[in-house]
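Here's the structure we're looking at; comments come further down.
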Number of protein chains: 2
Amino acid sequence: MPFPSTETPGRLQAELATRGVRMTRQRRAILEVIETADHHLDASQIQRWAQRIEPSVDRVTVYRTLSLLKRHGLVDELDLMHVGGEGHYYERVTGRNHLHVTCLNCGKVLEFETPHLDSIRREVECSCCFKVEVARLEIGGYCKECCGKQAQANG
Amino acid sequence: MPFPSTETPGRLQAELATRGVRMTRQRRAILEVIETADHHLDASQIQRWAQRIEPSVDRVTVYRTLSLLKRHGLVDELDLMHVGGEGHYYERVTGRNHLHVTCLNCGKVLEFETPHLDSIRREVECSCCFKVEVARLEIGGYCKECCGKQAQANG
DNA sequence: TTAAGTGCAAATATTTTGCTGTCAC
DNA sequence: GTGACAGCAAAATATTTGCACTTAA
């Protein structure tokens with residue numbers, strides 16, 4: 001779903017194969033859901049979609065697979081400012097670093113790319129002597145459509 | 001705890017008073033803990049410390065007060081990359097925008113200030129026609145001390 | 001006085017763990 | 001064949017809600 005919205009299908013599966021990770025019907029279903037999703041999904045949504053491909057997929061298997069993918073650096077975990085619950089959302093990691101802008105009113109999520117993000121990454125690596133693995137920038141606020149309504153509601 | 005580590009005491013209480021929010025013994029205790037904390041605390045740590053000042057402070061009151069403070073934009077909620085559980089950490093909002101750098105191995109948290117963060121904020125406001133309320137940048141990786149150990153463990 | 005705030009109990013939501021059986025390689 | 005993976009049940013963790021009592025203003 002994220003930046004290059006048309007991702008090579010089967011890429012995640014291939015990636016895991018190279019790393020000697022065993023493939024199962026359940027995992028294949030979960031990977032397919034993550035690759036073809038058109039918006040950010042949480043664990044229970046991933047389960048629901050995966051079950052349409054492979055009905056046996058259990059909640060626990062979803063969590064175990066997500067944890068596997070995180071460990072291998074193949075998916076990122078997002079909060080999206082916790083609009084719509086305390087859970088997490090997941091997206092395929094791509095080369096393109098981007099940030100997530102969430103409307104606190106309507107829940108809409110925009111993705112945004114900027115070279116400043118990489119600058120910060122480099123700054124932290126140099127100034128803090130720190131090996132950066134993940135950089136997650138989430139922004140919350142009000143989108144163009146909701147700004148008017150918000151002003152009304154608070155004013 | 002956060003950037004200007006010596007914050008004016010009683011500031012949070014005064015801030016709430018101006019906004020016509022009722023003050024109670026329990027809230028005073030919680031506010032004092034947040035203002036004087038020397039590192040990022042989660043809800044249950046806030047409760048434990050607040051109970052030393054006012055033993056009756058309940059878990060629920062902590063959550064309700066945190067939610068109040070968030071609503072008023074007086075504290076920020078952090079994940080710190082979920083090192084050490086799924087809960088959240090809280091810090092007093094100050095004028096100085098900064099980001100949090102968490103070591104995935106030892107859990108150490110560094111705070112870092114950079115003008116790029118404000119640049120991104122402005123970019124999002126202009127390019128996305130978006131009113132930014134919160135910008136949370138969290139970085140995970142390995143600190144100088146843990147880099148060696150990590151290389152060993154994975155290699 | 002009274003609306004806002006509190007504690008307690010219980011519900012809800014999310015994620016993890018233990019165990020036993022199954023399947024990919 | 002065997003070790004990694006699956007499902008199921010249950011635990012652990014984090015946060016929220018309902019309700020009757022209390023208290024700040």
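Just so we're clear, the structure is a prediction, and the values are computed from it rather than from any experiment. Letters A, B, ... are given to chains in the order of the sequence lines, protein chains preceding strands, and every chain is numbered from 1.
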**Request:** Would you please confirm or rule out a distance under 4.0 Å between OP1 or OP2 of C/dT16 and any side-chain N or O of A/Tyr63?
**Result:** no

**Request:** Over 60° means perpendicular and under 30° means parallel, so classify the ring planes of B/His88 and B/His82, tilted if in between.
**Result:** tilted

**Request:** Quick one: sort the A/His40 and A/His100 rings into parallel, tilted or perpendicular, breaks at 30° and 60°.
**Result:** perpendicular

Counting N and O atoms only, with roles assigned by atom type, does the side chain of [X] sit under 3.5 Å from a partner on the main chain of [Y], one being a donor and the other an acceptor?
X: B/Ser127; Y: B/Glu123; result: yes
X: A/Arg121; Y: A/His116; result: no
X: A/Glu138; Y: A/Asp79; result: yes

Between [X] ([atom1]) and [N] ([atom2]), how many Å, whole number?
X: B/Met23; N: C/dA3; atom1: CE; atom2: C1'; result: 16 Å
X: B/His82; N: C/dT14; atom1: NE2; atom2: P; result: 13 Å
X: B/Arg48; N: D/dA14; atom1: CZ; atom2: C1'; result: 14 Å
X: A/Arg28; N: D/dC5; atom1: CZ; atom2: P; result: 13 Å
X: A/Leu69; N: D/dC5; atom1: CG; atom2: C1'; result: 14 Å
X: B/Gln13; N: D/dA24; atom1: CD; atom2: C1'; result: 13 Å
X: B/Leu66; N: C/dT6; atom1: CG; atom2: P; result: 12 Å
X: B/Tyr89; N: D/dT13; atom1: OH; atom2: C1'; result: 12 Å

**Item:** Closest-nucleotide 5' rank along DNA chain D - winner of A/Val62 and B/His88
**Value:** A/Val62

**Request:** Could you check B/Asp42 against A/Gln26 and say which one's nearest nucleotide on DNA chain D is further toward the 5' end?
**Result:** A/Gln26

**Fill in**
Considering only heavy side-chain atoms of B/Arg27, the closest of C/dT15, C/dT6, D/dT15 is C/dT6

**Item:** Out of C/dT16, C/dG5, D/dG7, whichever nucleotide has its closest atom nearest the side chain of A/Thr61
**Value:** D/dG7

**Message:** Name the residue from B/Leu80, B/Val109, B/Leu110 that meets the side chain to side chain contact (heavy atoms under 4.5 Å, CB included) definition with B/Val101.
**Reply:**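 For B/Val101, the side chain to side chain contact (heavy atoms under 4.5 Å, CB included) check succeeds only for B/Leu110.
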
Which atom pairs link the protein and nucleotides 19-23 of chain D when you take only N or O atoms and keep those under 3.5 Å?
none

Can you tell me if [X] and [Y] form a side-chain donor-acceptor pair at under 3.5 Å?
X: B/Tyr90; Y: B/Glu77; answer: yes
X: B/Arg71; Y: B/Ser67; answer: yes
X: B/Glu113; Y: B/His98; answer: no

**Prompt:** Quick one, which residues of residues 52-60 of chain B touch DNA chain D with a heavy atom under 4.0 Å?
**Reply:** B/Arg59, B/Val60

